[in-house]
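Remember, it's 1-based here, ligands and their atoms both numbered in the order they're listed. Side chains included, hydrogens not; waters and symmetry mates left out as well; all remaining heavy atoms used.
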Amino acid sequence: MPQRNDNLMDKITSLAKRRGFVFPGSEIYGGLANTWDYGPAGVELKNNIKQAWWKFFVKDREDVVGIDAAILMNSKVWEASGHVAGFNDALIDCRACKARIRADHLIEDALNMKAEGMTPEDMTKLINENKIKCPVCEKIDFTEARKFGLMFKTFQGVTEEDKNIIYLRPETAQAMFVNFKNVLNSTNKKIPFGIAQIGKSFRNEITPGNFIFRTVEFEQMEIEYFINEKDWKKLFEYWQNEMAKWLEFIGIKKENYSIREHDQDELSHYSKRTIDFEYDFPFGTKELYGLAYRTNFDLMSHQNSSGQTMEYFDAENNRKYIPHVIEPTFGVDRTVLATMIDAYTEEEAPTSDGKTEMRVVMKFNKNIAPVKVAILPLSKKENLSKKAKEVFDLVKNEFTCQYDESQSIGKRYRRQDEIGTPYCVTVDFESLEDDAVTIRDRDSMKQERVKIEELVEWLKKAF
Ligand code: GAP
């Protein structure tokens, strides 16, 4: 069980840096707010999550296909989707310390109520009436809440004129809508079917930190599932179950997440029903994933704006209609964070001299562990290194593998525990005689002697 105490986030952030999961962005220049870089262990973890998701929701299904669209899209996409007019947060400034804060978060933290969807005027009133203090300097001296657009703007071409403004996408979803007909025509899919994509999204967020939970640049894994309107209720329920199965697949414990229904006034402009999968982060219970019934809002808007038809022809019933959409959406970075929190374990472990010591071990689900097998020669002696490298060459084709011969074996075990490597394979002097190695299990710490020629098969069975 992870220790869900106050300093769990500090422990995870420090382990993330120490072991190469996540580093602060642009660190040597003092950083850049709300940006993070994935290190050697982090990129493997993140890639494993994305690959597992793609297999789970695209490759293993007949009714979902993938795309990989451009991040930069024609600005008309964001006008039609409603993002240019409506995708903003109400921000409030503290006159005393100049802190800029999201007004809904200020209210939620101070009054323990949901404020998303309220108008800036109502939020200002609530903040004033309740004499809410600035969380940074504790003064009560706020400006009025005002709306700020969340989309990053940039320019295409050589002049910085308005007509050249383009946006970095704030969600991957719109590419699935604008390519709906392309995918339909090139695959002959029949409704219901889905289009999936994994990719970067960008939002100019004002955030209170919380590591990689809310960043300005992040990755999403999204599915737009096109349906006949009459089926929306049963398919919404179906996708809720699929999302729960995914969480189980990556090893997120059931007791650590829950489902929250959005109130009517909290719903996004496109949604008729939304639920959040909320995870118990150490800094509060917050959104991990979302599931929304987007109706036919997006396809209809794009049809109206572009003048191109978005209709689907239902040959069985000889009728045309604009499909409705169920959207399961998953944040990659929040998945990384939740799996790290779920995996983080401190426990007593025996030492070689018969005593015990505390060890930190990341008990990742084996499917997503950054490194699957570590090959560790007992010493740096030449003949041992040679044998160990032979073992490494044998295993590396099948599993993400790491070769490590620096420091004592105890320290190397601790290091592999902290990146969550399920199996450590030790090559010792006996290996030179009996062509066998010792496999150490990350969780039970039990050791087993296995013939080198049987090692790959042994590991395949274990995963
Ligand atoms: N297409 C629908 C959509 O974008 P959203 O709830 O705004 O819905 C979907 O975002 C998911 O993307 C969230 O559940 C979360 O996992 C992730 N996400 C959103 N904003 C994020 C941010 N600033 N940093 C990290 N992840 C974010």
Side-chain angles (χ1 to χ4, degrees), residues 22 25 33-36 38 46 49-50 53 67 69 71 73 77-78 81-83 86-89 102 104-105 114 116-117 148-152 167-178 194-225 239-240 243 246-247 250 252 257-262 266-279 281 283 285-295 297-299 301 325-341:
V22 181
N34 304 317
T35 64
W36 297 89
Y38 286 83
K46 193 160 117 152
I49 287 169
K50 290 192 283 185
W53 187 91
I67 60 166
I71 287 174
M73 303 177 84
V77 170
W78 306 110
S81 68
H83 283 84
F87 194 54
N88 42 46
D89 276 341
R102 260 179 75 164
D104 58 339
H105 288 173
K114 284 277 162 205
E116 221 174 303
F148 283 86
L150 281 171
M151 283 197 294
F152 279 104
Y167 300 95
L168 300 192
R169 69 180 177 202
E171 61 170 10
T172 63
Q174 293 305 321
M176 273 84 98
F177 297 126
V178 303
I195 308 180
Q197 181 172 211
I198 300 179
K200 290 250 177 178
S201 292
F202 303 81
R203 297 181 192 176
N204 196 0
E205 307 252 22
I206 302 288
T207 90
N210 291 339
F211 195 36
I212 52 173
F213 176 77
R214 197 185 298 281
T215 51
V216 290
E217 175 183 341
F218 55 97
E219 269 183 287
Q220 293 182 310
M221 309 181 281
E222 298 198 288
I223 302 166
E224 306 306 322
Y225 198 71
W239 278 103
Q240 182 174 333
M243 293 175 83
W246 159 255
L247 284 170
I250 55 168
I252 299 286
Y257 78 87
S258 49
I259 288 181
R260 188 179 71 80
E261 186 87 35
H262 279 216
E266 195 192 336
L267 291 173
S268 309
H269 58 278
Y270 50 72
S271 174
K272 229 178 183 168
R273 183 178 175 202
T274 297
I275 57 169
D276 284 346
F277 281 72
E278 294 193 326
Y279 183 79
F281 292 99
F283 44 85
T285 299
K286 307 226 179 263
E287 176 183 348
L288 174 63
Y289 301 148
L291 175 64
Y293 169 39
R294 289 181 84 126
T295 67
F297 173 88
D298 300 273
L299 287 184
S301 302
V325 169
I326 305 280
E327 179 194 64
T329 174
F330 308 72
V332 177
D333 311 79
R334 283 187 198 177
T335 311
V336 170
L337 183 54
T339 53
M340 288 188 77
I341 293 166

If you measure every N or O of [X] against every N or O of ligand 1, does any of those distances drop under 3.5 Å?
| X | answer |
| --- | --- |
| L288 | yes |
| D333 | no |
| T215 | yes |

Does ligand 1 have an atom that lies less than 4.0 angstrom from a heavy atom of [X]?
| X | result |
| --- | --- |
| F277 | no |
| R294 | yes |
| Y270 | yes |

Quiz item: When you measure from atom 3 (C) of ligand 1 to every protein heavy atom, which one gives the shortest distance, and what is it?
Solution: E222 OE2, 3.6 Å

Exercise. Give the residue, atom name and distance (to 0.1 Å) of the protein heavy atom nearest atom 15 (C) of ligand 1.
Key: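 Nearest neighbour among protein heavy atoms for atom 15 (C) of ligand 1, to 0.1 Å: R334 NH1, 3.6 Å.
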
Practice problem: Can you figure out which of M176, E171, Q220 has its heavy atom closest to atom 10 (O) of ligand 1? | Solution: Q220

Quiz item: So between T329, N210, N34, I212, whose heavy atom ends up nearest atom 11 (C) of ligand 1?
Solution: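 When every heavy atom of T329, N210, N34, I212 is considered, T329 comes closest to atom 11 (C) of ligand 1.
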
Practice problem: Check L288 against L247 and note the closest heavy-atom contact, atom names and distance. | Solution: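 L288 and L247 have their closest heavy atoms at CD2-CD2, 3.9 Å.
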
Quiz prompt | Per-atom contacts, ligand 1 versus E327 - under 4.0 Å to a heavy atom | solution = 1 (N), 2 (C)

Self-check item: Donor + acceptor pair across side chains of T329, E222 (<3.5 Å)
Solution: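 Yes - a donor-acceptor pair under 3.5 Å links their side chains.
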
